[in-house]
*Asks:* 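Below are the structure tokens for one structure; questions will follow.
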There are 2 protein chains.
Amino acid sequence: MPDHTRPPDKRVTIYDVANEADVSPSTVSRAFSRPSRVNSETAERVRQVAERLGYRTSPLARTLSTSRTHMIALVIADITNPVYAEIVRGAQEAATDGEYTTVLIDAQESDRLERVAIERTMSTVDGIVLASSRMSDSAIRMFAKQRPVVVLNRAIADVPCVVTDNPRGVRRAVEHLGELGHDHITYVAGPEASWPNGIRWRSLLEAGMELEIKVRQIGPFSPTIAGGERAAEELCARPATAVLAFNDQMAIGLIRGLGQRGVDIPGDVSIVGFDNIVAADIVTPGLTTVAAPLYAEGSAATRHLLTMIEGAPGHTGRPMVLPVRLVVRHSTAARNPSPGRARSPWVRQRPAPSPAPHLW
Amino acid sequence: MPDHTRPPDKRVTIYDVANEADVSPSTVSRAFSRPSRVNSETAERVRQVAERLGYRTSPLARTLSTSRTHMIALVIADITNPVYAEIVRGAQEAATDGEYTTVLIDAQESDRLERVAIERTMSTVDGIVLASSRMSDSAIRMFAKQRPVVVLNRAIADVPCVVTDNPRGVRRAVEHLGELGHDHITYVAGPEASWPNGIRWRSLLEAGMELEIKVRQIGPFSPTIAGGERAAEELCARPATAVLAFNDQMAIGLIRGLGQRGVDIPGDVSIVGFDNIVAADIVTPGLTTVAAPLYAEGSAATRHLLTMIEGAPGHTGRPMVLPVRLVVRHSTAARNPSPGRARSPWVRQRPAPSPAPHLW
DNA sequence: GACGCGACGGCAATGGGTTGCCATGTATTG
DNA sequence: CAATACATGGCAACCCATTGCCGTCGCGTC
């Protein structure tokens, strides 16, 4: 007789194992979830039987009684933005290490979409990482009341946060531009709902003050390549020699938009971005940018979330801040002495070439 | 007396509602999940009471009795590859429309990681979309036996598949290169475990046969920019005038790698990629590439999966094939008549510049 | 008036672990 | 040797909604 396993249409439960191993179901349960609570020999026997029967613990059933789903939600502002790829990786890794599964939510830059998606998912997850949330502080706090929440790239009182050192990043960028002779920097703003956008601008104000460099802001624009291209248009109306863009995608849009209008980069304008996405190394000229430890952001935030889920207080004091560094490439150069065209640095204005073929 | 809701530490269940509305729990349950099965007035009353008490149906408990989690897994080969962004979006949208939640799994180009992640998650989801799986056919079939599975970018007998029209895409690329005077095309291969890699090569063989263009293959290389750069090295040893790369990332790596070695693109070599990722429009020169309807891929696969979950047979006949188109940019040009340097088209070989600053 | 049928709603089992509490037996301590 | 402590394992309640099955009741029909 080959094997007398039970009818294959029925899944194996702790009761089956219990019968077979001659113990009670609770012992089987404990053998897996709290081995210390049961005699090691018994535990071993149970494990053997379970193995033989092909028993797999049902996470769903476990969930019902423990009300832990062992899932966390990772909410990102825009999956199309490559910055998030590494963040997601970092988060996944940390989650997997902790035996948690990650549900990814793409908010598509919409605070409404973000909110409804979270509402829909919240009851199914043990905690939430909000990466670059576009929601209001109060909305976030409301969620934080119902589930452990860690916020990434944003500082909110009373909610645990992980941020990068924006002030320092801006400072380094400004110093760099200052050393190149620029005495005026234009900030190309991203979404108003974006916290980094605000702090970058404020940091720029401050750094400008200290280093005696004038600053101004244009925007807001959408934090995409297209947004950067639109910013390029506007920039033409109010030329600048040095630009700090909210992020790399906008910076790349600027490079393209300005390039199409015959503006030389970095000859006429120096451009600095944020994030150091892969494409920053691909554009011509290579983009000088403030790099953040993306992977570390994702994993730090997630690890912190997991400790909160396990019951830790979730220290809400100062946000955890991660270091940044300036990556210098070729989109920044010494300020053009602009011989004789002080008022309007960009005199030549060749017609834009036919628009590039476009995406689906 | 302000309000006499039950102690706030306890969540509201159907039993609470049942008590309050003076019906049995089953009626409450039915009032929500099968309104037709209960008197409309009763249903309305129940709904009112539920509303007043702030009752929220617990998806977890529902899951246990229906054994439907209303979640699906979306497995992608590499979240770092921008192609997947749109696929994920399409899938999310379709899933959300069907009231399903998506669990994203990044396989990091590893078939082992892919398998263990799926094993870990399988019992928690109602179905799986496998986008560009790196697993073996048999592994996939095994999963398909346990849960509904739809495979994207790959054709496997007996498993529902969604693919893009690779043969046609390759054909168009070859025609394009042929028209430009190229009579020899080098295919730069991606991962051997990648199904599109295989079919693209076979399609190239076929198209070359018909159009009397010689073809050869080098590789495999990793399907990344770095992989393309390595391919560039190897390509230097065996020069070509026209290259078809497995995907855009490799094509971009080729452009950079060859460029650093002084090879002119498209003057000396024409390059065609696959996928039409955003960066294809950003490199210099713009990359000619075969574009696929990524969003549609994701949503089609997911919608099909959902119908299977709802009990549909999951037609496993021919795979569903989505159209592609060739996007011509500036990385392809008429074949250089190569005056006097027929044997070795790339004579000038300037020293590579210092390596670009690198990522974190 | 007897019978049949459909609408409505309740009972109780089900899904599969988890865990507080108690009982038993063995080991340690004074 | 009595008394207390600890290690083990079982009992049964619990998590919360779903659903097959049955009873009741009102209405229409022959």
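Every heavy atom of this structure was used, including side-chain atoms; hydrogens, water molecules and symmetry mates were not. Proteins get letters first, then strands, A, B, ... in listed order; numbering begins at 1 in each.
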*Asks:* Where do B/A21 and B/V49 come nearest, in terms of heavy atoms and distance?
*Replies:*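 The answer is CB-CG2, 3.8 Å.
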*Asks:* Mind running a 4.0 Å heavy-atom check of residues 118-125 of chain B against DNA chain D and sending the residues that fall below it, in number order?
*Replies:*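 Under 4.0 Å from DNA chain D: no residue of residues 118-125 of chain B.
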*Asks:* Give me each pair satisfying ring-ring contact (aromatic ring centres under 6.0 Å, His included) with a member in residues 37-61 of chain A, each pair once, sequence neighbours excluded.
*Replies:*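 Checked against ring-ring contact (aromatic ring centres under 6.0 Å, His included) - neighbours excluded - the pairs reaching residues 37-61 of chain A are A/F32-A/Y55.
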*Asks:* Using the salt bridge (Lys or Arg N to Asp or Glu O under 4.0 Å) rule, collect all pairs that involve residues 303-314 of chain B, keeping only residues at least two apart or in two chains.
*Replies:*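 Non-adjacent pairs meeting salt bridge (Lys or Arg N to Asp or Glu O under 4.0 Å): zero.
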*Asks:* Could you tell me the separation between the CZ atom of A/R34 and the P atom of D/dA7, rounded to a whole number of Å?
*Replies:*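 So the two atoms are 15 Å apart, to the nearest Å.
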*Asks:* Can you sort out the partners of B/T307 under side chain to side chain donor-acceptor pair (under 3.5 Å), two or more places apart, ordered by chain and number?
*Replies:*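 With neighbours one apart ignored, the set is empty.
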*Asks:* For residues 92-104 of chain B, which side-chain donor-acceptor pairs fall under 3.5 Å, sequence neighbours excluded?
*Replies:*
from: B/Q92; atom 1: NE2; to: A/L104; atom 2: O; distance (Å): 3.4
from: B/E93; atom 1: OE1; to: B/Y295; atom 2: OH; distance (Å): 2.9
from: B/T96; atom 1: OG1; to: B/Q92; atom 2: O; distance (Å): 2.8

*Asks:* With no hydrogens and no angle check, just 3.5 Å: does a side-chain donor-acceptor pair link A/S133 and A/E114?
*Replies:*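 Distance-only check passes for A/S133 and A/E114.
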*Asks:* Applying side chain to side chain contact (heavy atoms under 4.5 Å, CB included), can you list everything that pairs with B/E109, at least two apart in sequence or on another chain?
*Replies:*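 Only B/A77, B/D78, B/R134, B/P191, B/P223 meet the side chain to side chain contact (heavy atoms under 4.5 Å, CB included) criterion with B/E109.
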*Asks:* Could you name each residue pair satisfying ring-ring contact (aromatic ring centres under 6.0 Å, His included) that touches residues 110-160 of chain B, not counting sequence neighbours?
*Replies:*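 ring-ring contact (aromatic ring centres under 6.0 Å, His included) check on residues 110-160 of chain B returns no pairs.
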*Asks:* Remember a base hit wins even if backbone is also touched, and classify B/T42 as base, sugar-phosphate or nothing at under 4.0 Å, heavy atoms.
*Replies:*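 Counting heavy atoms under 4.0 Å across all strands, the contact made by B/T42 is with sugar-phosphate only.
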*Asks:* Mind checking A/S67 for me? I need base, sugar-phosphate or nothing, with any heavy atom below 4.0 Å counting as a touch.
*Replies:*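 Nothing, no heavy atom under 4.0 Å.
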*Asks:* Going by salt bridge (charged side-chain N to carboxylate O under 4.0 Å, His left out), name the residues that satisfy it together with B/D111, two or more places apart in sequence or in a different chain.
*Replies:*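 Counting only residues at least two positions away or on another chain, B/D111 forms a salt bridge (charged side-chain N to carboxylate O under 4.0 Å, His left out) with B/R115.
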*Asks:* Just the rounded figure in Å: distance from P of D/dC16 to CZ of A/R68.
*Replies:*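 Rounded to whole Å, this separation is 15 Å.
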*Asks:* I need the CG-C1' distance between B/L60 and D/dA17, as an integer number of Å.
*Replies:*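 One finds 11 Å between C1' of D/dA17 and CG of B/L60, rounded.
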*Asks:* Please name all residues satisfying salt bridge (charged side-chain N to carboxylate O under 4.0 Å, His left out) with A/E44, sequence neighbours left out, ordered by chain then number.
*Replies:*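 Scan of A/E44 (salt bridge (charged side-chain N to carboxylate O under 4.0 Å, His left out), adjacent residues dropped) gives A/R47.
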*Asks:* Across nucleotides 10-16 of chain C, 5' to 3', mark each nucleotide with B, S or - according to how protein heavy atoms within less than 4.0 Å reach it.
*Replies:* BB---BB
*Asks:* Measure all distances between protein nitrogen or oxygen atoms and nitrogen or oxygen atoms of nucleotides 24-26 of chain C, and list the pairs falling under 3.5 Å.
*Replies:*
none

*Asks:* My understanding is that only residues two or more places apart in sequence, or in another chain, count here; which of them pass side chain to side chain donor-acceptor pair (under 3.5 Å) with A/N19?
*Replies:*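 Checked A/N19 against side chain to side chain donor-acceptor pair (under 3.5 Å); zero matches.
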*Asks:* For C/dT19, does OP1 or OP2 lie under 4.0 Å from any side-chain N or O of A/S29?
*Replies:*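 It does not, given that no N or O in the side chain of A/S29 lies less than 4.0 Å from OP1 or OP2 of C/dT19.
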